Amino acid sequence: AQRVTQPEKLLSVFKGAPVELKCNYSYSGSPELFWYVQYSRQRLQLLLRHISRESIKGFTADLNKGETSFHLKKPFAQEEDSAMYYCALIQGAQKLVFGQGTRLTINP
Amino acid sequence: DAGITQSPRHKVTETGTPVTLRCHQTENHRYMYWYRQDPGHGLRLIHYSYGVKDTDKGEVSDGYSVSRSKTEDFLLTLESATSSQTSVYFCAISDYSGYEQYFGPGTRLTVT
């Protein structure tokens, strides 16, 4: 069965420090992976998708098929990055399978 | 925000009562989804729709039913609410072309 695992429920880093949110997946075939973010009092929204290979708000994520990982990284954290982050993969009919989520807190 | 609204936004109900949540979109997107969000579980798919009157089950569909009689509306019904259905419910939509899903503001349901 397809599964997404985010091993850290909570992650706290200082402003200016590097951030890495971990995501591992199990999927038979070529996965399509995403990071969604939910800022306080805002709707869940797409942050980035691996097929786009783009950097959004300084975040990047590289698909590593050998390690079945899709970790989200940012070299210098900012306070506005504090949010709930979800890793997800697409499963037929545009259905998303989400990980458990990681709450990121950036300390000043 | 994409044109997605959910109603009600908050509801408290008693065990055993029926509850219907509504998702309304103005984007004319084909796909609509209902998720529940619970701590430690992330978001889990309850049911989804790929067109008018076309629906299918998701990961946690037991105790829930859905209906879609119009493109713009997707209803989620709890026939007989239980305390385990206390959760935040999110509706989402997507169109043909991409994989991005657009989420509604959520409905916080408490079953006492």
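Just so you know, these numbers come straight off a predicted model, no measurement behind them. Chain A is the first sequence line, chain B the second, and so forth, proteins listed ahead of strands; every chain is numbered from 1.
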**Prompt:** Quick one: do the Thr105(A) and Ser12(A) side chains pair a donor with an acceptor below 3.5 Å?
**Reply:** no
**Complete:** Honestly, the part of Leu45(B) sitting under 4.5 Å from a heavy atom of chain A is side chain
**Prompt:** Take atom CD in Glu80(A); do more than 12 heavy atoms of anything else shown fall under 6.0 Å from it?
**Reply:** yes
**Complete:** Whatever's closer than 4.5 Å to a heavy atom in chain A on Gln37(B) counts as side chain
**Request:** Using ring-ring contact (aromatic ring centres under 6.0 Å, His included) as the criterion, point out the one residue from Tyr89(B), Phe74(B), Phe103(B) that pairs with Tyr35(B).
**Result:** Phe103(B)
**Request:** Identify which one of Phe98(A), Phe59(A), Phe34(A) satisfies the ring-ring contact (aromatic ring centres under 6.0 Å, His included) criterion when paired with Tyr85(A).
**Result:** Phe59(A)
**Message:** So for Gln6(A), is it side chain, backbone, both, or neither that comes closer than 4.5 Å to the heavy atoms of chain B?
**Reply:** neither
